[in-house]
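Data first, discussion second: the structure below is written as structure tokens.
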Amino acid sequence: MALILHDTLTREPRALTPLDGKTLRFYCCGPTVYGPAHIGNFRTFVAQDVFRRTLEMGGLPTLHVRNLTDVDDKTIRDSQKAGQSLADFTRYWTGKFHADCTALNLLPPHVEPSAVTHIPHQVRMIETLVKRGHAYTTGDGSVYFKVSSFADYGRLSHLEDRELRLGATVASNATDSDEYSKDSLADFALWKARKPEDGENFWPSPWGEGRPGWHLECSAMALEYLGEDFDVHSGGVDLIFPHHENEIAQSCCATHGKFAHHWFHVTHLMVDGGKMSKSLGNLYTLEDLQKRGYSPAEVRYVLISGYYSAPLNFTFHSLDAARQALQKLAKFAKALGDAAKNNTLIPGPFQEAWDTLNSDLNVPGALGAIFATINKTKPSTLTAEQAQQAWSGLHFMLKALGLNIPAEAEEVEIPAEIIALAEARWQAKLAKDWPAADVARKELDAAGWVIKDSKDSYQVVKK
RNA sequence: GGCGGGGUAGCAAAGUGGUAAUGCACUGGUCUGCAAAACCGGUAUGCGCGGGUUCAAUUCCCGCCCCCGCCUCCA
């Protein structure tokens with residue numbers, strides 16, 4: 001079954017079949033490594049991860065390329081502020097990013113190229129664009145892409161000429177713009193001439209020392225690892241314009257290919273019903289949430305629990321709900337029994353959930369179908385074979401969604417006095433000495449332990 | 001203003017031209033000395049508002065209101 005995915009460019013759902021007939025090749029715009037990524041960033045990366053997992057579980061191999069932006073205004077500025085070299089600074093934040101990705105159970109991309117290590121590729125591309133008349137140099141040694149040279153510009157974002165011309169008018173009227181200003185405000189930098197504030201961060205080029213423009217890196221790296229034509233390009237909705245629009249323009253003008261054939265954009269995460277921002281104090285990192293006692297798996301659950309194309313409202317209540325939902329999945333898996341475990345993962349009784357997932361990555365619909373199946377499946381009534389199928393189907397879906405269900409509460413050391421207290425309470429209970437039993441239970445509670453009684457035994461667990 | 005995404009129960013969130021999945025919360029029951037835990041149930045006459053089409057609309061059409069994002073380097 002082929003995954004049906006909405007395409008931003010054609011604005012319609014389209015079945016994904018690999019251009020080369022074998023491997024689905026896709027590019028994702030990665031993070032700018034100048035600080036900790038927040039959960040909004042991760043909504044996009046997690047959605048891309050579900051995308052990849054869905055393809056692979058469906059039997060289609062992928063080639064996943066995601067870049068690291070390790071040179072731009074922000075990385076240069078903040079590395080200087082931190083008194084570090086750009087390389088040291090971005091290495092640190094790249095490490096943090098990778099740790100978060102691992103915690104969130106994101107499959108590492110097959111290729112993770114960085115802008116700094118692909119300067120020659122970018123320079124070559126600029127040379128081609130200049131040679132073909134799509135780019136021009138300015139007096140200071142910068143190079144700009146000439147937007148008016150690409151007729152299709154604006155097709156992805158559906159921006160009309162009016163908006164683009166608006167920029168041009170402003171440019172011609174600007175009195176404070178420097179003497180090297182570009183022809184049109186819509187034109188964007190491919191190569192930025194070295195400036196004093198860049199410090200040590202400059203590279204040689206045919207146009208003099210400088211550094212590459214932001215938009216170009218993705219085009220150059222996609223070309224290097226995926227070729228002139230590839231299947232899917234993905235990123236947050238905010239990148240549609242100008243970033244992806246510019247990528248299309250550069251790439252189509254520098255090659256003979258069509259660049260990405262399908263565009264997959266993930267809508268932004270909202271927090272408490274509004275935009276996430278530092279000033280509102282509602283910008284969270286994974287670390288922030290872990291400090292509050294939430295697991296990465298719970299965060300991942302929340303991030304995938306909304307349709308990728310619709311706004312998702314993040315709240316702490318939704319994290320609590322995610323915790324319970326994961327527990328419910330874990331309980332079901334456990335109730336199937338150890339004998340149900342097997343290595344064959346097929347959707348089986350969870351076929352409806354799998355179909356739903358393949359329908360434009362409808363994760364909330366798929367989760368609903370998973371729970372619906374669970375609710376009508378009574379583990380105790382299943383034959384050994386049925387239990388195995390249920391286990392297989394559940395784990396097939398969990399793998400496709402990248403959800404790790406909570407492990408059995410690992411054996412925590414229970415202090416001797418707690419064991420003694422619990423035992424005393426149990427004996428009091430057996431002796432029907434209710435007051436004494438209740439006192440013991442209260443003491444345990446105060447100490448952070450809770451009693452779970454069953455017919456003829458009990459359990460003490462940490463609160 | 002232009003473009004795009006939304007407005008469904010207390011919260012979150014699917015879905016459909018024929019009468020609303022699912023998770024949380026809430027609530028009833030079983031169990032319990034009472035609880036907790038566990039298990040079994042229940043809970044939207046209604047899908048932003050107003051019109052229209054239709055035997056039938058939350059689902060299609062028209063108008064309006066509100067929220068979010070983008071409109072030059074923010075996932």
| request: Give the dot-bracket string for RNA chain B, reading 5' to 3', where a pair is Watson-Crick or G-U wobble with both distances under 3.5 Å, ( ) marks pairs inside the strand, [ ] marks pairs crossing earlier ones, | marks a partner on another strand, and . marks unpaired. | output: (((((((..(((.....[...))).(((((.......))))).....(((((..]....))))))))))))....

| Looking only at N and O atoms, is any donor in the side chain of A:R11 or the base of B:C3 less than 3.5 Å from an acceptor on the other one? | no

| query | Base, sugar-phosphate, or nothing: which does A:F45 touch, judged by heavy atoms less than 4.0 Å apart? | reply | nothing

| A:H268 side chain, from C-beta outward: closest of B:G69, B:A37, B:G23 | B:G69

| For A:D433, which residues count as a side-chain hydrogen bond (donor to acceptor under 3.5 Å, both in side chains) partner, sequence neighbours excluded? | none

| query | Looking only at side-chain N and O atoms, does A:K74 come under 4.0 Å of OP1 or OP2 in B:C74? | reply | yes

| task | For A:H118, check ring pair (Phe, Tyr, Trp, His ring centres under 6.0 Å) against everything at least two apart and list the hits. | result | A:H121, A:Y225

| field | A:N375 side-chain N/O to B:G23 phosphate OP1/OP2 under 4.0 Å | value | yes

| said: So A:D453, base contact, sugar-phosphate only, or nothing? Heavy-atom distance under 4.0 Å. | reply: base

| According to a strict under-4.0 Å criterion, is A:N362 in side-chain N/O contact with OP1 or OP2 of B:G15? | yes

| Partner residues of A:Y307 under the side chain to side chain contact (heavy atoms under 4.5 Å, CB included) criterion, sequence neighbours left out | A:S309, A:A310, A:D360, A:N362, A:P364

| query | Should A:K378 be listed as having a side-chain N or O under 4.0 Å from OP1 or OP2 of B:C40? | reply | yes

| field | Side-chain donor/acceptor of A:K192 to base of B:C73, under 3.5 Å | value | yes

| task | Run the salt-bridge test on A:R441 and A:D445 with the 4.0 Å N-O cut-off and return the result as yes or no. | result | no

| field | Pair listing, salt bridge (Lys or Arg N to Asp or Glu O under 4.0 Å) test, anchored in residues 314-325 of chain A, at least two apart | value | A:E298-A:R323

| query | Considering residues at least two apart in sequence or located in another chain, which fulfil the side-chain hydrogen bond (donor to acceptor under 3.5 Å, both in side chains) criterion with A:S234? | reply | A:Q48

